[in-house]
Amino acid sequence: MTDARHIARSFLPFAILAFCFGSCRAGRNAFPAGESASDLVYDRLAQVWDEAVPLGNAELGQLVWQHGDNLRFSLDHYDLWDLRPTEEFLDSTRFRYKWLQERVREGDTQAIWDVFDRTYSEVAAPAKISCAALEFPSSSLGKVVSVRLLLNDALCRVVWDSGAMLETFVDASAPVGWFVFRGVKDEDFRPCLIPPKYSEHSDGDDAGVHTNELMALGYGQGPVEEDDGSMVYHQKGWGDFSYDVALRWKRRGDALSGVWSVSTSIKGNDAVRQVDKAMMRGPEKDFRSHSAFWQQFRTASSVSVPDSVIQRQYDSEIYKLGSTSRKGSRPISLQAVWTADNGLLPPWKGDYHNDLNTQLSYWPVYTGNHLSEGEAFLDFLWDNREAFREFARDFFEVDGLLVPGVCTLDGRPMGGWPQYSLSPTTAAWVAQHFYLHWKYSADDKFLEERAYPFVSEVATALKQLSYIDETGHRVLPLSTSPEIYNNSLKAWFRVMTNYDLALMRFIFGAASEMAGALGFADDASEWASRLAEMQPFDICDDALTFAPGFPYNESHRHFSHALSIFPLALIDWNDGEESQRIIKGTLDCIDRNGTDWWTGYSYSWLANLKARARDGEGAAEALRIFAQCFCLPNTFHANGDQTCSGKSQFTYRPFTLEGNFAFASGVQQMLLQSQDGTIRVFPAIPSSWKDVSFNRLRARGAFIVSADMAEGEVRRIEVFSEKGGELSIALPGQAEPFVKQTLPGETFVWHP
């Protein structure tokens with residue numbers, strides 16, 4: 001036993017004393033949590049982990065479900081990572097962009113696969129890893145009659161026909177999770193801490209993505225130490241990494257309450273101390289601060305739409321955002337704090353996929369007025385700059401920084417399909433989040449200290465990596481378009497794809513705009529000159545293509561060719577007839593080629609594209625299909641069509657989060673747009689939506705906007721100007737916007 005555990009356990013008698021005479025006096029009374037129409041409600045517990053009730057505080061996660069005869073809590077922590085280095089990438093003779101170019105020219109796909117893809121598909125680590133679980137012998141409680149996730153207070157409540165009730169929450173203000181059972185007559189009822197089976201084969205379902213077993217990590221099985229009313233599990237991982245799970249509980253009458261925590265060697269092994277301190281506070285006190293956090297979180301923004309399917313899904317997505325990302329936390333990975341609990345590594349190793357997944361996950365923080373939650377991703381990118389600089393220097397042999405398309409918690413490349421995991425323009429896409437934070441916050445200090453430095457380093461790397469071809473345009477040595485042609489040799493284009501072109505046009509344009517705003521005239525001119533060297537977008541029959549000579553002529557899940565429309569807004573509806581023709585032509589082409597090979601995020605992304613095309617009906621339809629066909633009962637995005645109703649040929653069910661958050665962004669884009677500097681309220685709502693409103697959505701320029709529509713007419717718009725400046729606002733169908741100068745802190749109310 002470590003010294004820390006000896007010290008922490010010395011406080012245990014005091015903790016139990018405070019717990020007995022304080023928190024449990026509430027008896028059978030439930031926590032004061034309010035129900036809402038969007039709550040997730042069931043008449044039984046889920047039977048599999050990925051349909052469980054999700055709880056989280058962006059550091060810890062919990063899934064509540066039924067495992068055999070037991071109630072199970074699957075636990076997680078954001079720092080649970082095996083960070084062993086990828087051996088193939090340590091070979092400096094092969095881990096080079098020039099080596100990759102030569103293999104592509106020779107058509108040597110086997111050599112490429114051996115170095116980059118085998119590492120990812122056949123080697124277990126690096127990867128996000130499992131934590132542990134708590135189980136309770138729930139068969140003694142009778143039959144479940146009600147399960148409810150109360151979104152407003154992030155509380156799960158389970159009721160049995162015996163009258164027993166469970167309430168459990170992951171504390172929003174402390175790194176602990178609480179459970180309180182009331183009406184439990186069985187005096188032997190108690191929790192058990194279940195460690196992952198690191199040394200046994202698993203019969204878990206891999207969700208169709210061929211994940212490795214946990215035992216492939218090569219860990220020895222960690223010990224579980226049990227004392228009266230407590231359990232502690234210590235697991236040694238790779239290298240110096242380890243983690244602890246601590247559990248404390250106490251029974252009083254027919255009530256049993258307890259608390260758990262997880263800590264890792266990355267942040268210090270203090271799980272035991274955390275649960276002891278929590279026991280001294282008690283669950284009621286912790287719930288008050290927990291509930292206060294969620295009440296404050298909900299005041300950031302809200303929407304009200306007359307479609308119950310879309311409303312419920314939207315509210316659940318915003319709840320997930322608050323559960324998985326906060327300032328000071330790690331950013332949202334593929335499953336965030338809800339890692340698979342099936343004896344296997346999570347789908348796609350639970351990592352950071354930057355060829356789409358991380359970017360989509362943070363789309364809703366801007367218009368949704370959750371900039372603080374978005375800072376988790378910005379801090380991750382900022383803190384890993386040195387790793388990104390090494391990636392640029394060691395692999396691409398350029399200055400500046402570039403970001404791996406598939407990376408670890410510490411920003412290192414993990415391999416995978418190299419067309420995308422090693423795409424240099426990935427850095428430009430993630431850098432857009434620095435640009436967006438600046439535009440929506442109007443924070444000049446952030447622009448100077450973080451946004452422009454990051455963007456300019458990406459622009460520097462892409463400038464050095466590219467060259468001027470025989471036509472006088474700046475191009476890359478190899479070009480790709482995620483995930484067009486998958487992992488084939490054809491996926492390496494010898495001409496610039498519209499995807500790479502859009503990102504290079506964006507990064508040079510953004511760098512020039514930022515430098516100009518800071519008064520760096522020479523920098524602004526330099527980046528403007530690089531932008532002028534980029535070729536026009538390739539368009540065939542008014543539609544964006546994959547690349548010159550490669551029209552969009554097949555169903556595909558990733559709309560990488562249309563990145564210039566959304567999210568980059570390089571081709572925008574407000575630019576006039578030519579842009580509108582391209583946008584309509586591109587979307588018509590997507591519709592015409594069908595949805596056979598789409599995943600759920602395709603529908604979410606389509607909703608954003610349709611909204612930018614002012615097609616409210618099309619956006620709403622895409623959102624409804626996503627919610628009804630591509631989500632599990634707990635609203636988790638499962639990638640494939642779960643109804644097998646022909647919405648996609650993909651019918652598998654790996655759970656990832658990016659489709660969920662892109663859904664929330666799609667709703668926001670229907671209600672408020674400001675990408676060209678003019679605020680447009682209700683720009684893309686269906687004609688049948690007569691009564692719609694939103695509260696405190698955010699527009700570019702740091703304007704906080706609320707609006708109400710009743711009986712098809714906009715009745716009221718309220719704008720709060722955080723930073724002051726010119727306010728330009730337009731109603732649906734209005735040709736000329738209303739323009740007004742505002743002062744910092746001024747509120748403007750308009751009754752059209």
Would you please say whether a donor-acceptor pair under 3.5 Å links the side chains of [X] and [Y]?
X: Asn660; Y: Thr635; answer: no
X: Gln628; Y: Thr643; answer: no
X: Thr651; Y: Asp641; answer: no
X: Thr299; Y: Gln295; answer: no
X: Gln311; Y: Asp307; answer: no
X: Asp341; Y: Ser74; answer: yes

Intermediate values then yes/no, side-chain hydrogen bond (donor to acceptor under 3.5 Å, both in side chains), Gln62 and Thr168: CA-CA 9 Å; Gln62 177 181 340; Thr168 180; 3.0 Å; yes

Is the backbone N or O of [Y] less than 3.5 Å from a side-chain atom of [X], with the two atoms forming a donor-acceptor pair by type?
X: Asp39; Y: Ser36; value: yes
X: Asn369; Y: Ala300; value: yes
X: Ser199; Y: Gly220; value: no
X: Ser261; Y: Ala246; value: no
X: Ser648; Y: Phe650; value: yes
X: Gln335; Y: Pro347; value: yes
X: His637; Y: Leu657; value: no
X: Arg653; Y: Leu632; value: no
X: Gln235; Y: Pro223; value: no
X: Asn639; Y: Pro654; value: yes

Answer yes or no: is there a side-chain heavy-atom contact under 4.5 Å between [X] and [Y]?
X: Asp76; Y: Lys128; value: yes
X: Val64; Y: Leu45; value: yes
X: Leu360; Y: Ser604; value: no
X: Trp294; Y: Leu155; value: no
X: Leu193; Y: Trp260; value: no
X: Leu256; Y: Val184; value: no
X: Trp81; Y: Asp351; value: yes
X: Leu166; Y: Trp160; value: yes

Measure the acute angle between the ring planes of [X] and [Y], then classify it against the limits of 30° and 60° as parallel, tilted or perpendicular.
X: Phe655; Y: Trp338; answer: tilted
X: Phe297; Y: Phe293; answer: parallel
X: Phe181; Y: Phe189; answer: perpendicular

Distance in Å, [X] [atom1] paired with [Y] [atom2], rounded so as to fall on 0.5 Å steps:
X: Ile266; Y: Arg330; atom1: CD1; atom2: CZ; value: 6.0 Å
X: Asp691; Y: Ser304; atom1: CG; atom2: OG; value: 8.5 Å
X: Tyr319; Y: Leu149; atom1: OH; atom2: CG; value: 4.5 Å
X: Lys647; Y: Gln642; atom1: NZ; atom2: CD; value: 13.0 Å
X: Ser333; Y: Asn357; atom1: OG; atom2: CG; value: 10.0 Å
X: Tyr243; Y: Ser130; atom1: OH; atom2: OG; value: 7.0 Å

Intermediate values then yes/no, side-chain hydrogen bond (donor to acceptor under 3.5 Å, both in side chains), Ser325 and Tyr362: CA-CA 9 Å; Ser325 189; Tyr362 283 96; 2.6 Å; yes

Candidate pair Trp238 and Leu217, rule side chain to side chain contact (heavy atoms under 4.5 Å, CB included), full reasoning: CA-CA 8 Å; Trp238 178 84; Leu217 296 169; over 6 Å; no

Salt bridge present between Arg182 and Glu167 (N-O < 4.0 angstrom): yes

Short N-O contact, Glu317 and Lys320, less than 4.0 angstrom: yes

Working for side chain to side chain contact (heavy atoms under 4.5 Å, CB included), residues Ser329 and Glu59: CA-CA 6 Å; Ser329 76; Glu59 177 178 350; 5.8 Å; no

Centroid-centroid distance, Phe73 to Phe136, less than 6.0 Å: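 Yes.
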
How close do [X] and [Y] get, heavy atom to heavy atom, and via which atoms?
X: Leu409; Y: Phe380; value: O-CE1, 3.2 Å
X: Tyr314; Y: Val667; value: CD1-CB, 3.6 Å
X: Phe694; Y: Leu671; value: CE2-O, 3.4 Å
X: Val259; Y: Phe179; value: N-CE2, 3.9 Å
X: Phe663; Y: Ala627; value: CE1-CB, 4.4 Å
X: Gly142; Y: Asp161; value: CA-OD1, 3.5 Å

Contacts of Arg44 that satisfy salt bridge (Lys or Arg N to Asp or Glu O under 4.0 Å) - sequence neighbours left out: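 Partners of Arg44 under the salt bridge (Lys or Arg N to Asp or Glu O under 4.0 Å) test: none.
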
Heavy atoms from other residues, nucleotides or ligands near NZ of Lys236 exceed 12 (cutoff 6.0 Å):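 Yes.
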
Working for side chain to side chain contact (heavy atoms under 4.5 Å, CB included), residues Thr599 and Tyr652: CA-CA 10 Å; Thr599 57; Tyr652 63 171; 4.2 Å; yes

Results of side-chain hydrogen bond (donor to acceptor under 3.5 Å, both in side chains) for Glu375 - residues two or more places apart only: Lys327

Step-by-step side chain to side chain contact (heavy atoms under 4.5 Å, CB included) determination, Trp363 to Glu658: CA-CA 9 Å; Trp363 280 356; Glu658 74 292 326; over 6 Å; no

